[in-house]
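Some notes on the structure that comes next.
Nothing here was measured: the structure is a model prediction, and the numbers come from that model. Each chain gets a letter, A, B and so on, in the order the sequences are listed, and its residues count up from 1. Basis for what follows: all heavy atoms, side chains included, without hydrogens, waters or symmetry-related copies.
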Amino acid sequence: MTNPTDDSKQVAPRKDSTSIVKRTLARRYAAEKRFRFYGATAIAISLLFLVILLGSILVKGLPAFTETQMLIDVTLDAKTLGVEEGASEQELRSANYNALIKKSLREMFPEATKRKQKKELYKLVSTSAEYQVRDSLIANPSQIGQTIKVWVLADDELSALYKTGGLTDIANVTHTRLSEQQITWASSLNEQSRLKKQFNATFFKNGDSREPEQAGIRAALMGSILTLLITFLLSFPIAVATAIYLEEFAPKNRWTDLIEVNINNLAAVPSIVFGLLGLAVFINFFELPRSAPVVGGIVLSLMTLPTIIITSRAALKAVPPSIREAGRGLGASQLQVVTHHVLPLAMPGILTGTIIGLAQALGETAPLLMIGMVAFIVDIPTSVTDAATVLPVQVFLWADSPERAFLEKTSAAILVLLVFLIVMNAAAVFLRKHFERRW
Amino acid sequence: MTSTNLVLLLLGLGLATFFYGRQKAYVVSKSHGGMRNMHSLPSQHGVMVGLWCVLPALLLVLFWKLAEPSVISSLLNSSIPASISEAGEKSVGLYKNDIANIIESGTASSDPEKQAVAERWVALSSISSWVLVAITLALAAIGAAIALRKISADTRARVMVERVVHWFLIICSSIAILTTVGIVCSVLFEAVRFFQQVSFVEFVTGTKWSPQTAIRVDQIGSSGSFGAIPLFTGTLLISAIAMVVAVPIGLLAAIYLAEYASDRMRAYAKPLLEILAGIPTVVYGFFAALTVAPAIREWGELIGLSPSSESALAAGVVMGIMIIPFVSSLSDDVITAVPQAMRDGSYALGATHSETIKKVVLPAALPGVVGGILLAASRAIGETMIVVMAAGLAANLTANPLEAVTTVTVQIVTLLTGDQEFDSAKTLAAFALGLMLFITTLILNVIALYVVRRYREQYD
C-alpha cells in the first residue's frame with residue numbers, strides 16, 4: 001500500500017543505489033579480473049619453479065653421461081713392467097703399468113723435464129688408466145714388447161674442458177684447475193685427434209670413488225634396490241593386513257580408535273624422527289649392523305606403512321557392500337569373503353598406494369643418514385647386510401664434494417633417481433586408470 | 001646351518017605338509033560319503049596342518065635366537081681367567097670383544113689362552129645351532145603329526161585357521177602403536193639421560209649452542225654449551241620464510257583451480273603441481289645450495305647487501321616451493337567441499353565471482369584451510385635435507401634472513417653422523433632435540449587433524 005507522496009520519497013534512494021552499483025561496477029569488475037590474474041599467476045609461478053628446478057638439473061647433469069677418452073701409445077716393455085716374457089696372468093696382473101703410461105706420456109711431450117711439469121703431465125690421465133692398459137694386455141698377452149694404441153680414461157678436469165669445447169679456444173679458458181701448460185698439452189692432444197667423447201658406461205658400472213671420472217652409481221643403485229626390496233617385503237603384507245583388519249574386522253572400541261589415531265599421526269611425523277627410532281632401537285638395542293640395507297628397509301617400511309594403510313583402506317572401502325553381502329549370503333565366512341572377493345577387487349588400488357609409498361621411500365634421505373647409510377661405498381653390495389648407501393644419500397654425499405666434476409655427477413645421479421620415480425609413478429597412474437573399477 | 005636356511009626349510013616343510021594334509025582330507029572325505037559331510041574343505045585342513053607344523057617351530061627359532069647370545073656368554077664366563085673377571089665388568093666386556101674379533105677374523109690368536117676360549121665359543125655355538133635344528137625339526141614333525149591325526153569330518157579346521165589369521169591381522173595392525181611407542185621411548189629415554197647431564201632450563205633458555213664437549217680434561221674451549229634457543233629461532237625463521245612463500249601461492253593456486261580453471265586445465269595443472277611434492281627433498285637441497293643460494297648472493301651484492309653464502313632465505317624459499325602442493329591440494333579439497341548453495345546465494349545477491357570467493361567461500365572454508373596450513377607448517381619444521389644442505393651449521397641468534405642460521409633437524413644430523421661414543425652429551429643432545437621436534441609436530445598435527453575433522457563434520 002503506497003501513496004503518491006511516499007512513492008516519490010522511495011524513488012530517490014532506489015535510483016541512488018542503482019547509480020552506486022553502476023558507478024562501482026567497473027571497479028568491481030577490475031577487482032574480479034585482478035583476483036583471477038593473481039590465481040593464474042600463482043599457478044604459473046609454481047610451474048615456473050618446477051621448470052627451473054628440473055631444467056637446471058638437466059642442464060648440469062647431461063654432460064655426465066659422456067666421458068672423455070685419450071689415445072696413448074704404450075710400449076709394452078717387459079723390463080718396465082717388471083715381468084719376463086711368457087709371464088703368467090697372475091704376474092701380468094701385478095705388473096707395473098703406471099710406469100708404462102708415464103713413459104708414454106713423456107715420449108709424447110718430451111718438453112716436460114722438470115719434476116713439477118712431469119707431475120702435471122701425469123695428471124692428464126685418470127688413475128684408472130693402468131687398469132685399462134692391463135686389461136688390454138691380459139686379453140692379448142703376446143703383445144709384450146710391442147707398441148700398442150690404447151684408449152684410456154682422461155682426467156675429470158681435462159674432460160670437463162674438452163666436453164665444453166674449451167680446447168678449441170684455449171686463449172679464453174675460464175673455470176678450470178688445469179695449468180696453462182696442461183691446457184697447451186691438452187689442446188695438442190685434441191689437434192692430434194687423441195681425444196674422444198663416448199657414452200659414460202663407467203658411471204653405471206662403478207661404485208663411489210674419490211676420483212670424479214671413476215665414480216659411478218652402481219653401488220648406490222644396488223643399495224636402493226635392496227633397501228626397497230626389504231621395505232616392500234615388510235610394509236606390503238603388514239599394511240594390507242592392517243587395512244583389512246581395520247576395514248573388515250575391527251570392532252568399534254578404544255583399541256581400534258587408538259590404532260587409527262596412531263596411523264594418522266605417524267603419517268605426519270618428520271622422517272628424521274624415524275631415523276632416531278632406527279638408531280636407538282634397531283642399531284643400539286637389537287645390534288643390527290650399521291649402514292645395512294636391512295635396517296634401512298625396516299626404518300623406511302615403518303615410515304611408509306601409514307601411506308600404504310590409508311590408501312589400502314580407501315581401496316577396500318570403495319568395494320561396495322553388496323559384494324560382501326552376496327558372499328555371506330552364499331555361506332562364505334567373513335575371511336573367505338575378504339580373501340576371495342573384496343581383496344582381489346581392491347588390489348589395484350592397494351598396489352597403487354604401495355607403489356606411491358615405495359616411491360616416497362626411494363627418495364628419502366634423512367632417516368638413512370641416522371642409521372649410518374652415509375658411507376663411502378666402493379664395492380657393490382650383494383646382500384642386505386652389506387654396508388651400502390642409497391641413491392639420494394649418494395646425491396647428498398656428492399653434493400658436498402669440492403671437485404667441480406662431482407657437480408655434474410650429482411645432477412646425473414638426480415636424473416637417474418627422477419627417472420626411477422617417474423617410472424614408478426607412471427606405473428601407479430597406469431594401474432589406477434586401467435584396473436581400478438568404478439562402482 | 002644358518003637360521004635363514006632353517007626358516008626356509010621350515011617354510012618348505014609347511015608347504016609340503018599343506019599338500020599332504022589336503023590329500024589326506026580328500027581321502028578321509030571319501031570314507032564319509034563325500035566332501036559335503038566334512039565341516040571344512042580339504043584345503044582348510046591342509047592349511048591347518050601346515051600351520052601346526054610351522055608356527056610352533058618358528059616361535060621356537062625366534063626365542064632360541066633371542067636367548068642364545070646371553071646363554072653362551074654366561075656359559076663362557078667360567079672359562080674366563082679369574083684375573084680378568086675380578087677386574088670388573090668392563091674388562092670382561094673387553095675380553096669378550098677380543099674373543100669375538102678372533103672368531104670373526106678367523107686367524108689364530110697369538111695368545112693361546114684366548115685362542116682356547118675362542119675355540120670353546122665356536123664349539124658352543126656350533127652345538128647350539130645343531131641342537132636348534134634338531135629340536136625345531138622334531139617340533140615341526142610332532143606338530144604335523146598331531147594335526148594330521150586331527151583330520152576328520154567334524155574337525156573345525158576353517159575356524160581354527162581363521163582364528164590364527166585373525167590374530168595375525170590384529171598383531172599387524174598393532175605395529176602402528178608399537179612404532180609410536182618405540183619412537184616415544186627411544187627419544188624420551190635418551191633425552192632423560194641428556195637432561196641428567198645438562199639442565200632442562202639451560203637447554204630451553206640458553207642462547208649459546210656449541211655442542212663440543214671435552215674429550216680430554218685439559219682441552220681448551222670445548223666446555224660445550226647446550227642452549228637451544230638459536231636452533232629454535234633458526235627453525236622458526238626458515239619455516240616462516242617457507243610459509244610466506246607457500247601460503248599465498250598455494251592458496252591462490254587452489255582457489256584458481258577450484259573456482260576458475262576449466263576441467264582441462266585442472267586435469268593438467270593439478271598433477272603438475274603435485275610433482276613438486278614428489279621430488280625428493282635431497283634434490284631440493286641440491287637446488288637450494290647450488291642454484292638459489294648463489295643467485296641470492298649475487299642479487300644481494302648488486303643492491304649493496306652482503307648475504308651469507310648459506311642464507312636462511314635460500315633454504316626457506318626452496319622449502320616454500322616444496323610445500324606449495326601441500327597447501328594447495330588440502331585447500332583445494334576444502335574449497336570444493338563448500339556447498340554450491342552458498343555460492344548461488346551470494347551470486348543471487350549480485351556479488352561477483354571474486355567477491356563470492358572472498359566473502360563467502362573462504363570464510364566457510366577457513367577452518368579447513370587453517371588445518372592444511374598447520375600440516376604444511378609441521379612439514380616445514382621437520383624438513384631435514386634442504387636445511388642440511390643449504391642452511392649451514394652456524395648457530396646464530398638472528399632474525400636476518402640473509403644470515404646463516406641452523407635448525408633443530410640440521411643439528412640432529414650433524415650430531416649423529418660420524419663416529420662417536422653413544423653416551424656422550426653430544427649424541428644424547430640429538431635425542432633431546434628429536435623429542436622437541438616430535439612434540440612440536442605432534443601438537444601441530446593433532447590440532448590440524450582436529451580442525452579438519454570438525455570442518456568436515458560441518459558440511460557432511
Side-chain angles (χ1 to χ4, degrees), chain A residues 28-29 31-32 35-36 38-40 42-43 45-47 49-50 53 56-57 237-238 241-242 244-246 249 258-259 262-266 268-273 276-277 279-281 284 302 305-306 333 335 359 363-366 369-370 374 392 395-396 399 407 410 414 417-418 421 425, chain B residues 158 162 165-166 168-170 172-177 179-180 182-183 186-187 190 248-249 252-253 255-257 260 269 272-273 275-276 278-283 286-287 289-291 321 324 352-355 375 378 382 384-385 389 409 412-413 416-417 422 431 434 437-438 441-442 445 449:
Chain A
R28 288 172 57 205
Y29 280 163
E32 167 75 30
F35 191 71
R36 212 183 149 132
Y38 294 151
I43 290 181
I45 289 176
S46 338
L47 296 185
F49 280 141
L50 184 67
L53 175 67
S56 77
I57 287 165
I238 294 177
T242 308
I244 289 176
Y245 180 72
L246 290 178
F249 292 96
L258 189 65
I259 293 176
N262 264 302
I263 290 170
N264 285 333
N265 272 324
L266 282 180
V269 167
S271 60
I272 192 169
V273 174
L276 291 176
L277 168 80
L279 178 62
V281 174
N284 285 325
L302 290 181
L305 267 180
S333 72
L335 189 68
E364 198 53 66
T365 321
L369 297 183
M370 301 283 92
V374 50
V395 169
F396 171 65
L407 188 68
T410 315
I414 289 177
L417 179 62
L418 289 181
L421 289 177
N425 282 299
Chain B
R158 179 176 63 72
E162 286 188 356
V165 173
H166 197 235
F168 172 73
L169 294 181
I170 292 179
C172 281
S173 57
S174 304
I175 284 180
I177 296 179
T179 310
T180 310
I183 289 176
S186 56
V187 290
E190 308 298 343
I249 294 183
L252 284 170
I255 291 171
Y256 189 83
L257 283 179
Y260 290 108
L272 279 177
L273 271 184
I275 290 181
L276 280 175
I279 292 176
T281 52
V282 69
V283 178
F286 179 68
F287 181 63
L290 281 125
T291 308
I321 298 173
I324 287 174
T352 63
H353 202 156
S354 67
E355 284 162 355
L375 279 182
S378 121
T384 311
M385 292 321 293
M389 294 169 83
T409 48
I412 296 178
V413 169
L416 286 182
T417 46
F422 191 69
F431 285 91
L437 183 65
F438 181 68
T441 51
L442 186 71
N445 295 336
L449 288 175

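When each of B/Ile324, B/Ile321, B/Leu276 is checked for heavy-atom pairs under 4.5 Å with chain A, B/Ile321 comes out on top. Highest contact tally toward chain B, considering only A/Ala31, A/Pro237, A/Gly363, is held by A/Gly363 [criterion: heavy-atom pairs under 4.5 Å]. Heavy-atom pairs under 4.5 Å with chain B peak, among A/Leu305, A/Ile272, A/Asn264, at A/Ile272. Comparing A/Ala399, A/Ala40, A/Ala366 by heavy-atom pairs within less than 4.5 Å of chain B, the highest count is held by A/Ala40. No other option in A/Val269, A/Ile244, A/Asn425 has as many heavy-atom pairs under 4.5 Å with chain B as A/Val269. Ranked by non-hydrogen atom pairs under 4.5 Å with chain A, the options B/Gly278, B/Ser186, B/Ala289 are led by B/Ser186. Note on B/Val187, B/Leu375, B/Leu272: by heavy-atom pairs under 4.5 Å with chain A, the leading option is B/Leu272. Among the candidates A/Leu418, A/Asn265, A/Leu258, A/Val281, the residue making the largest number of heavy-atom pairs closer than 4.5 Å to chain B is A/Asn265. The most heavy-atom pairs under 4.5 Å with chain A, out of B/Leu257, B/Ile183, B/Ile279, come from B/Ile183.
B/Ser174 pairs by the side chain to side chain donor-acceptor pair (under 3.5 Å) definition with nothing, not counting sequence neighbours. Qualifying side chain to side chain contact (heavy atoms under 4.5 Å, CB included) partners for A/Ile259, counting only residues two or more places apart in sequence or in other chains: A/Leu246, A/Trp255, A/Ile263, B/Ser173, B/Ile177.
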Go through the steps to decide whether A/Phe35 and B/Ile255 satisfy the test side-chain contact (heavy atoms from CB on, under 4.5 Å), and finish with yes or no. CA-CA 10 Å; A/Phe35 191 71; B/Ile255 291 171; 3.8 Å; yes

Under the criterion side-chain contact (heavy atoms from CB on, under 4.5 Å), I'd like the reasoning laid out for A/Leu50 against B/Leu273: C-alpha separation, chi angles, the key distance, then a yes or no. CA-CA 8 Å; A/Leu50 184 67; B/Leu273 271 184; over 6 Å; no

May I have the step-by-step check of side-chain contact (heavy atoms from CB on, under 4.5 Å) for A/Val395 and B/Val283, ending in yes or no? CA-CA 8 Å; A/Val395 169; B/Val283 178; 5.7 Å; no

Please walk me through it: do B/Thr281 and A/Phe396 pass side-chain contact (heavy atoms from CB on, under 4.5 Å)? CA-CA 10 Å; B/Thr281 52; A/Phe396 171 65; over 6 Å; no

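Contact detail for A/Ser333 and B/Arg158: the closest heavy-atom pair is CB-NH1, 3.1 Å. Nearest heavy-atom pair across B/Cys172 and A/Thr242 is O-OG1, 3.3 Å. Closest heavy-atom contact between B/Ile249 and A/Phe49: CD1-CE1, 4.4 Å. In terms of heavy-atom proximity, A/Pro270 sits nearest to B/Thr441 at CD-OG1, 3.4 Å. Taking each heavy atom of A/Met370 and B/Val413 in turn, the nearest pair found is CE-CA, 3.6 Å.
The parts of A/Leu369 that come within reach of chain B are both its backbone and its side chain, each placing non-hydrogen atoms under 4.5 angstrom from that chain. Proximity to chain B involves both the backbone and the side chain of A/Ser46, based on heavy atoms less than 4.5 angstrom apart. At a 4.5 Å heavy-atom cutoff, the contact between B/Ile412 and chain A is made by backbone and side-chain atoms alike.
Rounding to the nearest 0.5 Å gives a distance of 7.5 Å between OG1 of A/Thr410 and CG of B/Leu290. To the nearest 0.5 Å, atoms CZ (B/Phe286) and CD1 (A/Ile57) are separated by 6.5 Å. Taken to the nearest 0.5 Å, the OG1 atom of B/Thr179 stands 8.0 Å off from the CG atom of A/Asn262. The line from OG1 of B/Thr352 to CZ of A/Arg28 is 5.5 Å long, rounded to the nearest 0.5 Å. One finds the CZ atom of B/Phe431 at 9.5 Å from the CG atom of A/Leu277 (value rounded to the nearest 0.5 Å).
Partner of B/Pro280 under the side-chain contact (heavy atoms from CB on, under 4.5 Å) criterion, chosen from A/Thr365, A/Ile414, A/Leu421: A/Leu421.
Using cut-offs of 30° and 60° for the angle between ring planes, the A/Phe249 and B/His166 rings count as perpendicular.
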